[in-house]
Amino acid sequence: MSSKKRITLSIVSIAALLALLVGVTMAWFTDVERVDANFEAGVLDITVGSNETLDFENLRPMASEEAFLAEINSGIDYEDAGFEMPTVYVQDFAITNAGTMPVKLQLTINDGVIPEGDMIPNIVDNGFGGVMVGDPEEIACDNLLKDAIHLVLLEKSAEGVYTKVASFENVSDLNAYLLVDENGEALILNAGATSNTYAIGAYLDVEAGNEYQGKHYHAEFVVGASQTDEGATFGE
């Protein structure tokens, strides 16, 4: 082999070796920074108005839902009209999203716990088609007023006018009721926002007889919230 060929082969070999070395050590321009990573769950938290309880008092049978709606929008002064005070057929509430994410809302009424020692008048038949207070004068609450109550979910305008959102023939019908917007879609309450003023109205069935006089119904009003993501569910 001539000296020229040996030199050429040597150059080729060196070039191949350099290519291997470069392939091992060369890389794209890169940079690396490190920062702390903290993961914090969002807060799903709602509050319902400022009332600790929604107390409906002095309920009576009414001829119809229409009569009930007309009365609560009439501006009636129940004391002037001769009713014992307090007389409360409507309780307002608003829902505030105190959490950090938007939510959907649903309403439910569950049977509550009868307060210890809660007593009601012992109303008995007087034998002449009327009633009287029996002996003993008071008996333990049995929560049976539930059977005679009609409920109406209302929205209250800035002018104080109540508009029906939905009505419930029985208390148990108000179960997992989804609040919706004006388009019929699930109402979305954004973080930090407060809903419009809603109200629960209550009256007794027109057929409710004397057996319901003085009775109580103790319940719990539950406002449930869920994430707005598809497939998200409400808690128990």
Side-chain angles (χ1 to χ4, degrees), residues 48-93 106-156 162 164-177 198-224 236:
V48 183
S50 57
N51 297 331
E52 292 185 4
T53 60
L54 304 180
D55 292 320
F56 301 87
E57 303 189 52
N58 211 7
L59 299 182
R60 73 182 201 270
M62 299 191 74
S64 64
E65 183 181 277
E66 289 73 22
F68 171 74
L69 293 171
E71 180 169 313
I72 63 174
N73 281 317
S74 68
I76 182 174
D77 185 313
Y78 285 103
E79 188 171 19
D80 286 348
F83 289 81
E84 180 177 306
M85 297 302 291
T87 293
V88 182
Y89 297 160
V90 177
Q91 282 281 10
D92 299 348
F93 66 94
Q106 70 175 16
L107 311 178
T108 296
I109 285 188
N110 294 325
D111 292 347
V113 176
I114 299 174
E116 184 177 355
D118 188 49
M119 305 296 287
I120 60 174
N122 182 21
I123 304 296
V124 298
D125 192 319
N126 66 4
F128 304 101
V131 296
M132 64 181 187
V133 177
D135 184 18
E137 293 185 354
E138 292 186 324
I139 58 176
C141 174
D142 51 17
N143 238 19
L144 289 184
L145 187 62
K146 173 184 178 179
D147 299 336
I149 296 175
H150 296 311
L151 296 178
V152 185
L153 176 63
L154 307 157
E155 190 168 354
K156 187 178 183 180
Y162 292 103
K164 183 179 79 170
V165 176
S167 56
F168 307 92
E169 188 73 12
N170 302 297
V171 170
S172 299
D173 291 340
L174 181 45
N175 180 39
Y177 179 85
Y198 291 96
I200 297 290
Y203 64 98
L204 302 185
D205 187 83
V206 67
E207 299 294 335
N210 286 331
E211 65 269 25
Y212 291 106
Q213 289 197 42
K215 297 256 184 217
H216 296 174
Y217 173 54
H218 300 280
E220 59 177 7
F221 178 51
V222 181
V223 180
E236 291 290 337

Within a 6.0 Å radius of atom CD on Glu79, are there more than 12 heavy atoms belonging to other residues, nucleotides or ligands? no
Got a sec, which residues hit salt bridge (charged side-chain N to carboxylate O under 4.0 Å, His left out) with Asp111, two or more places apart in sequence or on another chain? Lys146
Using a 3.5 Å distance criterion without hydrogens, assess whether the side chain of His150 forms a donor-acceptor pair with backbone atoms of Leu204. no
Asn126 (side chain) donor-acceptor with Met132 (main chain) under 3.5 angstrom: no
Below 4.5 Å, heavy atoms only, C-beta onward: do Tyr212 and Leu59 meet side chain to side chain? no
Nearest 0.5 Å, what's the CG-CG distance between Leu107 and Leu151? 11.0 Å
With Gln213, which residues qualify under side chain to side chain contact (heavy atoms under 4.5 Å, CB included), at least two apart? Ile123, Val131, Asn210
Asn170: which residues meet the side chain to side chain contact (heavy atoms under 4.5 Å, CB included) condition with it, sequence neighbours left out? Asp173
Please identify each residue that fulfils side chain to side chain contact (heavy atoms under 4.5 Å, CB included) with Ile114, with sequence neighbours left out. Asp118, Cys141, Asn143, His218
Tyr198 meets the side-chain hydrogen bond (donor to acceptor under 3.5 Å, both in side chains) criterion, sequence neighbours left out, with none
Checking side-chain contact (heavy atoms from CB on, under 4.5 Å) for the pair Leu174/Ile200: CA distance, chi angles, key distance, verdict? CA-CA 11 Å; Leu174 181 45; Ile200 297 290; 4.1 Å; yes
Measuring from Asp135:CG to Asn122:CG, what's the distance to the nearest 0.5 Å? 8.0 Å
Decide side-chain contact (heavy atoms from CB on, under 4.5 Å) for Tyr89 and Glu71; before the verdict, give the C-alpha distance in whole Å, the side-chain angles of both, and the deciding distance to 0.1 Å. CA-CA 10 Å; Tyr89 297 160; Glu71 180 169 313; 3.4 Å; yes
Does Tyr217 use its side chain to pair, donor to acceptor, with the backbone of Gly112 at less than 3.5 Å? no
So which heavy atom on Ile76 is nearest to which on Ala81, and how close? CD1-CB, 4.2 Å
Salt bridge (Lys or Arg N to Asp or Glu O under 4.0 Å): pairs with one or both residues in residues 204-224, sequence neighbours excluded: Asp142-Lys215
Only counting residues at least two apart or in another chain, list the ones meeting side chain to side chain contact (heavy atoms under 4.5 Å, CB included) with Asn175. Thr108
Output all residues satisfying ring-ring contact (aromatic ring centres under 6.0 Å, His included) with Phe168, sequence neighbours left out; order by chain, then residue number. Tyr177
Please report the closest heavy-atom contact between Pro86 and Asn58, naming both atoms and the distance. O-CB, 3.9 Å
What residues, two or more places apart in sequence or in another chain, satisfy salt bridge (charged side-chain N to carboxylate O under 4.0 Å, His left out) together with Glu65? Lys164
Atom pair CE/OG1 of Met85 and Thr87 - distance to nearest 0.5 Å: 5.5 Å
Applying side-chain contact (heavy atoms from CB on, under 4.5 Å), run through Leu154 and Ile72 and close with a yes or a no. CA-CA 11 Å; Leu154 307 157; Ile72 63 174; 3.7 Å; yes
Which residues pass the ring-ring contact (aromatic ring centres under 6.0 Å, His included) test with Phe83, not counting sequence neighbours? Tyr78
Check side-chain hydrogen bond (donor to acceptor under 3.5 Å, both in side chains) between Asp55 and all other residues, then give those that pass, not counting sequence neighbours. Thr53
Set of ring-ring contact (aromatic ring centres under 6.0 Å, His included) partners for Phe68, sequence neighbours left out: Tyr203
Dump the intermediate steps for side-chain contact (heavy atoms from CB on, under 4.5 Å) on Tyr162 and Asp92, then the final yes or no. CA-CA 10 Å; Tyr162 292 103; Asp92 299 348; 2.8 Å; yes
